[in-house]
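A quick write-up on the structure given underneath.
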Amino acid sequence: MLSDHEELNAVVTAVASVGFAVDINGHEGFIDQVKHPSWWTGATRPVVGDRLHTVVLDASRTPPRLSALPEDIRVGRSLRYTDPLIRACPPPSSARRPVDWPMVQERLGTALPADYKRLIEVYGGGVFSGVLWLMEPGCPDEMYDLLAQTVEREEILADLWAVGEAKPAELEQDGARLVPWGYSENGGEVLYWLALPGVLPEEWPVILNEGRGPLWEFHPTSSCSRFLLEVCTGSTGSYYFSDLGDFVSPSERGAFLPHAELIRP
């Protein structure tokens with residue numbers, strides 16, 4: 001049984017004008033011609049027997065649809081932690097506000113990771129595990145609004161660095177910037193993506209700034225969905241969330257509260 005976003009090696013079993021039938025460890029699959037690099041570049045079309053590195057796009061179809069495009073594989077890696085997070089921390093049943101992502105990204109001056117956009121579409125803004133806010137564009141409270149906090153945090157950090165507070169080494173690269181996505185109600189920690197030039201949003205690491213001091217915590221292999229999943233399941237490697245079980249009940253740990261239940265107009 002294949003799963004969406006799963007990354008697998010496939011063997012081409014048949015070639016047609018519309019795409020390629022493949023075998024994945026005994027499971028059938030299909031790659032549409034536009035989901036292979038040969039459609040977009042001068043790459044050679046695969047032939048029967050070729051091995052392809054793929055990601056599952058839609059496991060519900062018969063046969064499941066896969067892609068061999070590097071950008072789809074990258075996005076699949078980013079989305080890999082969203083389904084486990086949804087299982088561990090069920091989203092609200094109420095409808096979420098639609099988000100104008102092109103407008104949001106234009107105002108930010110950058111695209112945003114695919115897993116973050118999916119989390120906002122599934123959950124909206126709100127609190128995971130009783131303490132960790134997921135910021136969203138257009139939140140009624142600017143404290144938890146992605147756009148407002150991006151501007152505010154840039155100004156705050158610029159002032160702190162101007163008076164001598166140490167700047168993280170990871171930000172010394174030309175063009176590096178921080179985009180906030182999370183906030184801890186417990187200690188005031190702010191979670192950011194470290195956006196680096198030439199690095200696509202799905203590959204941005206997470207970096208955390210402690211709430212009342214100059215220390216930073218770098219998570220080079222994390223994403224926002226992976227970070228949230230590890231906090232919700234008690235497997236986090238973050239010092240700042242390692243003692244969550246001391247003051248958050250087991251029922252709270254696996255719960256999400258939308259901002260509509262927490263922020264009153």
Side-chain angles (χ1 to χ4, degrees), residues 78 81 85 89 108-110 112-113 115-116 119 125-136 139 141-249 252-253 256-257 259 262:
S78 170
Y81 297 97
L85 177 60
C89 195
L108 284 173
T110 180
L112 288 167
D115 67 323
Y116 169 75
L119 291 181
V127 179
F128 287 88
S129 294
V131 297
L132 184 48
W133 273 89
L134 179 66
M135 298 179 188
E136 68 171 329
C139 181
D141 188 328
E142 288 193 352
M143 182 70 184
Y144 310 110
D145 177 72
L146 181 79
L147 294 169
Q149 282 304 302
T150 298
V151 174
E152 182 175 320
R153 297 306 305 177
E154 284 178 349
E155 294 173 351
I156 289 171
L157 291 173
D159 289 343
L160 290 171
W161 294 333
V163 297
E165 185 170 298
K167 189 175 187 179
E170 291 82 6
L171 281 170
E172 295 298 337
Q173 183 176 341
D174 288 345
R177 65 176 294 201
L178 296 172
V179 181
W181 62 265
Y183 175 78
S184 170
E185 290 281 7
N186 180 38
E189 293 82 19
V190 180
L191 291 130
Y192 299 89
W193 292 291
L194 176 59
L196 298 167
V199 177
L200 295 162
E202 286 72 33
E203 297 172 352
W204 289 347
V206 169
I207 188 168
L208 175 154
N209 184 205
E210 67 175 348
R212 301 175 182 88
L215 299 182
W216 294 75
E217 188 180 74
F218 186 45
H219 295 265
T221 62
S222 198
S223 62
C224 70
S225 56
R226 181 175 180 176
F227 193 96
L228 288 166
L229 175 63
E230 291 174 349
V231 168
C232 291
T233 57
S235 59
T236 181
S238 171
Y239 167 79
Y240 298 92
F241 294 92
S242 59
D243 63 347
L244 209 56
D246 294 343
F247 54 90
V248 172
S249 69
E252 283 182 302
R253 185 135 207 175
F256 173 83
L257 290 175
H259 80 251
L262 300 165

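These numbers were taken from a predicted model, which means no experiment stands behind them.
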- ring-ring contact (aromatic ring centres under 6.0 Å, His included) partner of His219, chosen from Trp193, Phe241, Phe227: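 Option passing the ring-ring contact (aromatic ring centres under 6.0 Å, His included) with His219: Phe227.
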Any side-chain heavy-atom pair from [X] and [Y] closer than 4.5 angstrom?
X      : Y      : answer
Val190 : Glu210 : no
Trp216 : Tyr192 : yes
Asp141 : His259 : no
Leu146 : Leu112 : yes
Val127 : Leu132 : no
Asn209 : Leu215 : no
Gln149 : Asp145 : no

Got a second to check how far [X]'s [atom1] is from [Y]'s [atom2], nearest 0.5 Å?
X      : Y      : atom1 : atom2 : value
Phe218 : Leu208 : CZ    : CG    : 12.5 Å
Glu165 : Asp159 : CD    : CG    : 11.0 Å
Ser222 : Leu194 : OG    : CG    : 12.5 Å
Leu228 : Leu119 : CG    : CG    : 6.5 Å
Cys232 : Leu85  : SG    : CG    : 5.5 Å
Ser78  : Asp115 : OG    : CG    : 3.5 Å

- Item | Steps toward side-chain contact (heavy atoms from CB on, under 4.5 Å) verdict (Leu160, Ile156) | CA-CA 6 Å; Leu160 290 171; Ile156 289 171; 4.0 Å; yes
- Task: Start with the C-alpha distance between Phe128 and Leu134, add both sets of side-chain angles, then the distance that settles side-chain contact (heavy atoms from CB on, under 4.5 Å), and finish with yes or no.
- Result: CA-CA 7 Å; Phe128 287 88; Leu134 179 66; 4.0 Å; yes
Donor-acceptor pair, side chain of [X] and main chain of [Y], under 3.5 angstrom:
X      : Y      : result
Arg226 : Thr221 : yes
Glu217 : Ile207 : no
Arg212 : Gly187 : yes

- Is there any side chain to side chain donor-acceptor pair (under 3.5 Å) pair reaching into residues 169-187, and which pairs are they, with sequence neighbours excluded? Trp133-Glu185, Tyr144-Glu185, Glu154-Arg177, Ser184-Glu189
- Query: Taking atom types as modelled, is there a side-chain donor on Thr236 or Ser238 under 3.5 Å from an acceptor on the other?
  - Reply: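 Looking only at side-chain atoms, Ser238 and Thr236 do not form any donor-acceptor pair under 3.5 Å.
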- Query: Run the side-chain contact (heavy atoms from CB on, under 4.5 Å) check on Glu202 and Ser223 step by step: do they pass?
  - Reply: CA-CA 8 Å; Glu202 286 72 33; Ser223 62; over 6 Å; no
- Do you know the tightest heavy-atom contact between Leu229 and Thr233?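 Closest heavy-atom pair between Leu229 and Thr233: O-OG1, 2.8 Å.
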- Considering non-hydrogen atoms only, spot the tightest contact between Leu244 and Ser129 and give its length. CD2-CB, 3.9 Å
- Message: Going by side-chain contact (heavy atoms from CB on, under 4.5 Å), name the residues that satisfy it together with Asp246, two or more places apart in sequence or in a different chain.
- Response: Asp243
- Message: If the condition is side-chain contact (heavy atoms from CB on, under 4.5 Å), which residues does Ser249 pass it with, not counting sequence neighbours?
- Response: Ser251, Glu252
